[in-house]
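Working notes, structure below.
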Amino acid sequence: MKFDTPATQNPIDQLKIVGHGVDRIDGPLKTTGKAVYAYEHHDTVPDAAVGYVLGAAIAKGRIRAMDIEAARRAPGVLAVVTAQNAGKLGKGKMNTATLLGGPEIQHYHQAIALVVAETLEQARAASRLIRVQYERAPGAFDLAAEKAAGDSAAKKTGKKAGGQPKPDVVGDFEGAYAAAAVKIDHTYRTPDQSHAMMEPHASTAVWEGDALTLWTSNQMVDWGRSDVAKTLGLPKDKVRLISPYVGGGFGGKLFVRADALLAALGARAARRPVKVALARPLVVNNTTHRPATIQRIRIGAGQDGKITAIAHESWSGDLPGGNPEEAVQQTRLLYAGANRLTALHLMELDLPEGNAMRAPGEAPGMMALEIAMDEMAEALGMDPVEFRVRNDTQVDPAAPARPFSQRRFIECLRMGAARFGWAERRARPGASRDGRWLVGMGMAAAFRNNLVTDSAARVRLDAAGQVIVETDMTDIGTGSYTIIAQTAAEMLGVPLAKVIVRLGDSAFPVSAGSGGQWGANSSTAGVYAACQKLRAAVLERLGFAADGAVFADGSVTEAGGRTALLRQAAKDGDLVAEDVLEFGDLDKQFQQSTFGAHFVEVAVDAYTGETRIRRMLAVCAAGRILNPKTARSQVIGAMTMGIGAALMEELAIDQRAGFFVNHDLASYEVPVHADIPVQEVIFLDETDPVSSPMKAKGVGELGLCGVGAAIANAITHATGVRVREYPVTLDKLLAGLPDPA
């Protein structure tokens with residue numbers, strides 16, 4: 001089914017099941033321990049051996065020699081896999097570094113060997129017997145230092161640090177900025193961050209002849225299958241990838257990592273099924289992370305508060321061949337202004353790979369942009385909410401002929417301000433106290449682009465009236481099982497109890513996968529398409545006319561009044577329908593985005609600088625909300641992640657050895673229950689027919705974008721201290737705090 005024009009009426013619009021706060025249908029399995037994760041297929045694969053990954057002890061250089069004989073002879077060891085004996089390996093397109101290093105080493109903890117043994121303890125002990133001689137090479141590990149060196153060289157060569165393509169320029173930024181009555185020019189910094197998901201990267205591999213089955217914790221099944229096949233030199237149809245449950249991903253499991261490849265290689269070498277889970281230090285240093293950024297923002301405006309010039313440049317680091325963090329993309333679309341400049345610069349660093357983490361681009365970009373907007377409002381003497389309202393735009397600022405499909409940004413701001421009590425906020429920073437606590441309010445816009453991708457599903461109706469949905473879509477804790485079941489139930493007029501959803505298997509039709517905030521909208525649209533096809537098959541088998549037919553309460557009613565039970569259509573055999581929802585080029589006609597507003601109240605200890613969040617509010621405009629209960633869960637989870645980014649999360653780099661020091665959950669700090677206040681979420685009643693037949697959009701990443709800046713702005717309002725480097729820890733506040741007396 002091709003989606004070329006906005007949907008008007010369709011069965012989803014009945015909203016008998018879709019749009020309701022339904023409990024997660026996979027919840028009982030997860031709370032009772034019956035959901036089987038990638039490392040836990042003990043019944044399916046009862047004789048699995050265990051692999052332990054050895055990571056490189058240097059960040060850059062090469063292996064001069066590796067002696068594995070003592071490890072090979074150790075008790076219980078079945079095989080030792082290295083780049084020397086693994087055979088010829090390709091390289092998947094989704095990875096910057098190779099997944100099995102040697103002799104060249106590209107980053108610290110790059111996998112260099114897998115020991116396969118009967119038990120984890122035996123494999124781990126044997127890995128300690130491997131003797132590796134390294135030839136260390138100097139590496140670049142400091143983004144700021146590399147940028148400074150590049151800037152210095154630029155003065156001589158005229159070429160900016162990072163050497164990226166020319167800036168994206170609209171109008172005459174330099175001229176408009178120079179002429180602006182009021183202007184700011186500030187630099188903001190965000191640190192490297194870890195996904196810190198609960199389930200580590202883990203895989204179980206089984207070979208049957210030349211065919212591989214791989215249970216793995218992965219968000220994008222088809223991407224992963226393709227990369228495994230390419231890396232191992234196999235036809236794609238010889239690889240089956242299964243990922244029905246994922247214990248957290250946040251973008252860190254978009255691509256297959258060393259656990260998947262090495263489980264496959266280990267199983268082939270040991271001639272046994274093999275399971276591999278990365279130890280937590282390797283989750284941090286071997287897999288991907290959100291890279292640090294240095295962002296310069298310049299804004300010029302007239303005395304009336306209208307932006308006349310806005311520029312946003314970002315520097316970030318990655319391995320050679322990698323990509324910059326796209327921290328400027330929201331600045332291209334969020335606020336009006338005729339003269340604009342955005343630019344991305346990549347500094348080559350020898351740290352572990354930087355890649356997608358929840359809301360890549362907008363999450364760190366909004367952390368800078370929305371502080372800058374507050375600083376500009378202060379320079380103008382305007383209220384921060386009113387300044388944003390004044391600079392709203394209903395069209396793409398760079399392409400005025402292209403309107404937003406929906407843009408209720410001002411409504412989010414106004415509703416949030418009213419609900420949060422913004423009018424009671426005293427304009428002067430440091431003016432509100434509660435005993436020893438300095439109290440402040442802050443806010444920020446929320447913005448995330450609405451991405452869609454083709455998605456397919458297969459739907460089966462059996463003689464019992466049961467509906468089975470199959471798609472390789474994944475559920476990373478977001479509620480995919482539930483909203484897909486709701487979609488099928490709504491389309492076919494059956495109760496949720498009559499729907500069985502099977503996910504995360506490459507044997508199923510290819511879906512959107514979980515990532516980029518596109519999963520819910522795209523995958524349910526694919527189910528919609530398959531159900532439309534099944535509805536037609538049901539009517540044909542029953543001999544009913546299609547026009548005006550109603551599917552409800554397990555029955556089908558023809559416009560003329562004839563009625564039959566849905567299951568009667570399958571009495572002579574199951575009915576099966578498969579289809580893909582192909583999104584057209586409406587994105588060329590309309591800019592599709594999601595919007596919101598975050599409001600936060602903080603209290604800062606006047607003596608210690610300790611910050612406590614007191615209350616939070618998010619107002620979101622994100623199309624039709626398919627399940628308000630699971631959507632709220634997504635947003636409050638994102639808000640919690642935003643607290644971490646604002647106040648505590650930071651991967652500390654050992655600048656001598658080139659690795660992340662705090663590479664475990666004891667030393668990488670994330671918020672806990674005691675850090676989280678009352679969180680309120682409001683969804684605007686909205687549908688967007690341009691987005692999909694579901695008229696929905698994504699929301700899970702929107703809930704993060706802007707949270708960090710809202711907290712930073714609230715801290716400034718409480719204390720009068722402006723911190724432009726995250727996380728906003730007490731050491732950055734202490735020197736500027738007002739006299740506590």
Side-chain angles (χ1 to χ4, degrees), residues 167-189 294-314 327-328 330-343 365-398 400 409-410 413-414 417 422-423 425-431 440-447 597-599 706 708-725 736:
D168 185 355
V169 179
V170 177
D172 176 16
F173 166 76
E174 298 294 348
Y177 182 73
V182 182
K183 63 187 83 173
I184 63 164
D185 181 351
H186 296 304
T187 298
Y188 307 88
R189 291 174 170 81
I294 299 173
Q295 302 177 50
R296 182 190 182 192
I297 297 178
R298 290 171 285 170
I299 303 176
Q303 294 289 359
D304 61 355
K306 293 288 187 71
I307 292 174
T308 57
I310 184 167
H312 191 165
E313 296 178 86
S314 178
V328 304
Q330 72 290 323
T331 309
R332 294 172 177 150
L333 292 162
L334 186 49
Y335 297 113
N339 304 288
R340 321 173 68 83
L341 181 153
T342 56
M366 293 289 284
M367 290 171 76
L369 175 64
E370 288 300 292
I371 291 182
M373 288 295 288
D374 256 41
E375 296 204 70
M376 191 66 192
E378 182 181 355
L380 287 161
M382 290 186 65
D383 176 83
V385 173
E386 291 304 315
F387 177 55
R388 289 167 172 84
V389 168
R390 189 160 299 189
N391 287 285
D392 185 41
T393 174
Q394 293 298 310
V395 298
D396 178 347
F409 178 44
I410 292 179
L413 293 170
R414 296 283 194 217
W422 188 258
R425 175 182 181 267
R426 299 169 70 178
R428 184 172 62 84
M441 288 188 194
M443 60 78 55
F447 175 91
H598 289 289
F599 291 82
I711 293 171
N713 290 335
I715 291 172
T716 297
H717 182 242
T719 64
V721 182
R722 174 62 73 186
V723 178
R724 301 187 181 98
E725 181 176 357

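Just so you know, these numbers use all the heavy atoms, side chains as well, and skip hydrogens, waters and symmetry mates.
Thr331 pairs with exactly one of Glu313, Gln295, His312 by the side-chain hydrogen bond (donor to acceptor under 3.5 Å, both in side chains) rule, that one being His312.
For Arg340, there are no salt bridge (Lys or Arg N to Asp or Glu O under 4.0 Å) partners, not counting sequence neighbours. With sequence neighbours left out, Asp185 forms a side chain to side chain donor-acceptor pair (under 3.5 Å) with Arg296. Among residues two or more places apart in sequence or in another chain, the side chain to side chain donor-acceptor pair (under 3.5 Å) test is passed with Asp396 by Arg402. Taking the salt bridge (Lys or Arg N to Asp or Glu O under 4.0 Å) definition, one finds that Arg189 meets it with nothing, sequence neighbours left out. Take Arg426 and apply the salt bridge (Lys or Arg N to Asp or Glu O under 4.0 Å) test, not counting sequence neighbours, and it matches no residue.
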(request) Just do the side-chain contact (heavy atoms from CB on, under 4.5 Å) check on Leu334 and Arg388 with the steps written out, would you? (result) CA-CA 10 Å; Leu334 186 49; Arg388 289 167 172 84; over 6 Å; no
(message) One pair to check against side-chain contact (heavy atoms from CB on, under 4.5 Å): Asn391 and Glu386. What are the steps and the verdict?
(response) CA-CA 9 Å; Asn391 287 285; Glu386 291 304 315; over 6 Å; no
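Residue Ile184 holds its CD1 atom at 9.5 Å from CG of Asp374, rounded to the nearest 0.5 Å.
Residue pairs meeting the side-chain hydrogen bond (donor to acceptor under 3.5 Å, both in side chains) criterion with at least one partner in residues 170-183, sequence neighbours excluded, do not occur; the list is empty.
In this structure, the side chains of Ile307 and Phe387 come closer than 4.5 Å at one or more pairs of heavy atoms. Taking 4.5 Å as the limit, some side-chain heavy atom of Glu375 sits within range of a side-chain heavy atom of Tyr188.
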